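Working notes for the structure below.
Note that the structure is predicted; figures quoted are calculated from it, not measured.
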Amino acid sequence: SRSEIAYRALKHKIVISELAPATILSEAKLIAELGIGRTPLREALQRLAYDDLVVILPRRGTMVTDLNPSDLLKIFEIRVELEPFAVRLASERATELQIGEMENLLEACDEFVDPYDYHQLILLDQQIHWLLGQASNNSFLAETLERYYTHVMRLWYVSLHEGSRLREAIQEHADIIASVKIGDGLRAAAIMRAHI
């Protein structure tokens with residue numbers, strides 16, 4: 001739908017800071033830029049507000065949510081509990097197809113990802129976390145993790161200026177996936193906790 005397209009486009013712009021934190025959004029400009037009507041735009045903005053990516057200010061417009069360090073700390077507190085739980089579940093529930101997808105992604109990383117391009121590394125990190133969440137085969141957990149991970153990506157795009165930590169993270173992902181593959185949920189969870 002048009003509102004889904006608008007939602008995805010605006011979410012991407014917010015995550016990569018093309019729409020910077022605390023920016024007031026112009027409905028007229030967004031309608032023209034996205035080539036959609038007012039109703040689909042407002043539906044997309046409502047979803048973004050639910051995701052805490054924008055704040056709708058009555059009679060003043062819509063503002064991109066600012067990056068609040070205390071909120072981000074709270075998100076990391078949640079992630080450090082939920083993501084190890086998710087990989088423990090993935091160790092028990094992941095299908096061969098899901099494990100194959102994760103391994104293929106890591107292989108593609110070795111071949112095609114520039115280890116000094118932190119934008120590529122952030123996207124790869126996101127895909128791996130998304131696949132691990134999906135492999136938990138708990139849709140509520142996977143959706144929750146994706147929502148919080150969006151905020152983490154915003155922080156990285158604003159503050160990360162070199163990819164050295166992300167390069168190390170790729171090896172941690174490989175270790176997590178290897179543990180999931182052999183069904184060692186405790187090891188996968190311990191690596192994920194340290195990773196976060």
Residue pair R38 / I31: nearest heavy atoms and the distance that separates them:
CA-CD1, 3.8 Å
In terms of heavy-atom contacts, S91 and S179 come closest through OG-O, 4.2 Å
Flag if over 12 foreign heavy atoms under 6.0 Å of CZ, R93
yes
From L106 atom CG to Q127 atom CD, the distance as rounded to the nearest 0.5 Å:
10.5 Å
Please find the pair of heavy atoms, one from A94 and one from I99, that lie closest to each other, and give the distance.
CB-CG1, 3.9 Å
Can you get from L145 to L105 by hopping between Ile, Leu, Val, Met, Phe, Trp and Tyr side chains that sit under 4.5 Å apart?
yes
Under 4.5 Å between side-chain heavy atoms, counting indirect links through other Ile/Leu/Val/Met/Phe/Trp/Tyr residues: same cluster for L89 and L186 or not?
no
Pairs involving residues 42-51, ordered by first then second residue, that meet side-chain hydrogen bond (donor to acceptor under 3.5 Å, both in side chains) (sequence neighbours left out)
S3-E43, E4-R47, Y7-D51, E27-R42
Passes side chain to side chain contact (heavy atoms under 4.5 Å, CB included), R187 versus I176? Steps please.
CA-CA 8 Å; R187 183 172 185 272; I176 292 166; over 6 Å; no
Inter-residue atom distance S136.OG - L131.CG, 0.5 Å rounding
11.5 Å
Residues 13-20, side-chain donor-acceptor partners within the protein, below 3.5 Å, at least two apart:
| residue | atom | partner | partner atom | Å |
| --- | --- | --- | --- | --- |
| K13 | NZ | E18 | OE2 | 2.8 |
| K13 | NZ | E33 | OE2 | 2.8 |

Kindly give the heavy-atom pair with the smallest separation between P21 and D66, and that separation in Å.
CB-OD1, 3.4 Å
Shared hydrophobic cluster for M153 and I170 (ILVMFWY, side-chain gaps under 4.5 Å):
yes
Point-to-point distance, once rounded to the nearest 0.5 Å, from CD of E101 to CG of L132:
11.0 Å
May I ask whether L67 and L48 are part of the same hydrophobic cluster, defined by side-chain heavy atoms of I, L, V, M, F, W, Y residues being less than 4.5 angstrom apart, directly or through others?
no
With a cut-off of 6.0 Å (strictly less than), are more than 12 heavy atoms of other residues, nucleotides or ligands near NZ of K11?
yes
Just to verify, what does N137 make a side chain to side chain donor-acceptor pair (under 3.5 Å) with, not counting sequence neighbours?
Q98
Among H173, Q134, E146, exactly one meets side chain to side chain donor-acceptor pair (under 3.5 Å) together with H129. Which residue is that?
H173
Please tabulate, for side-chain N and O atoms in residues 54-63, each donor-acceptor pair with protein atoms closer than 3.5 Å (sequence neighbours left out).
none

Pairwise distance CG(L155) to OG1(T150) - rounded to 0.5 angstrom
13.0 Å
When rounded to the nearest 0.5 angstrom, what is the spacing between CZ in F85 and CZ in R88?
6.0 Å
Side-chain donor-acceptor pairs under 3.5 Å in residues 70-79, sequence neighbours left out?
| residue | atom | partner | partner atom | Å |
| --- | --- | --- | --- | --- |
| S70 | OG | N68 | OD1 | 2.8 |
| R79 | NE | E83 | OE2 | 2.5 |
| R79 | NH2 | E83 | OE2 | 2.9 |

V87 vs I191, side chain to side chain contact (heavy atoms under 4.5 Å, CB included): CA-CA, chis, key distance, verdict
CA-CA 10 Å; V87 296; I191 298 168; over 6 Å; no
Closest heavy-atom pair, L34 versus A9, reported as atoms and distance to 0.1 Å, is CD2-CB, 3.9 Å
For R2, what residues pass the side chain to side chain donor-acceptor pair (under 3.5 Å) criterion, not counting sequence neighbours?
none
What is the distance from atom CG of D184 to atom CG of D175, rounded to the nearest 0.5 Å?
11.5 Å
Shared ILVMFWY cluster between L53 and I36, side chains joined below 4.5 angstrom?
yes
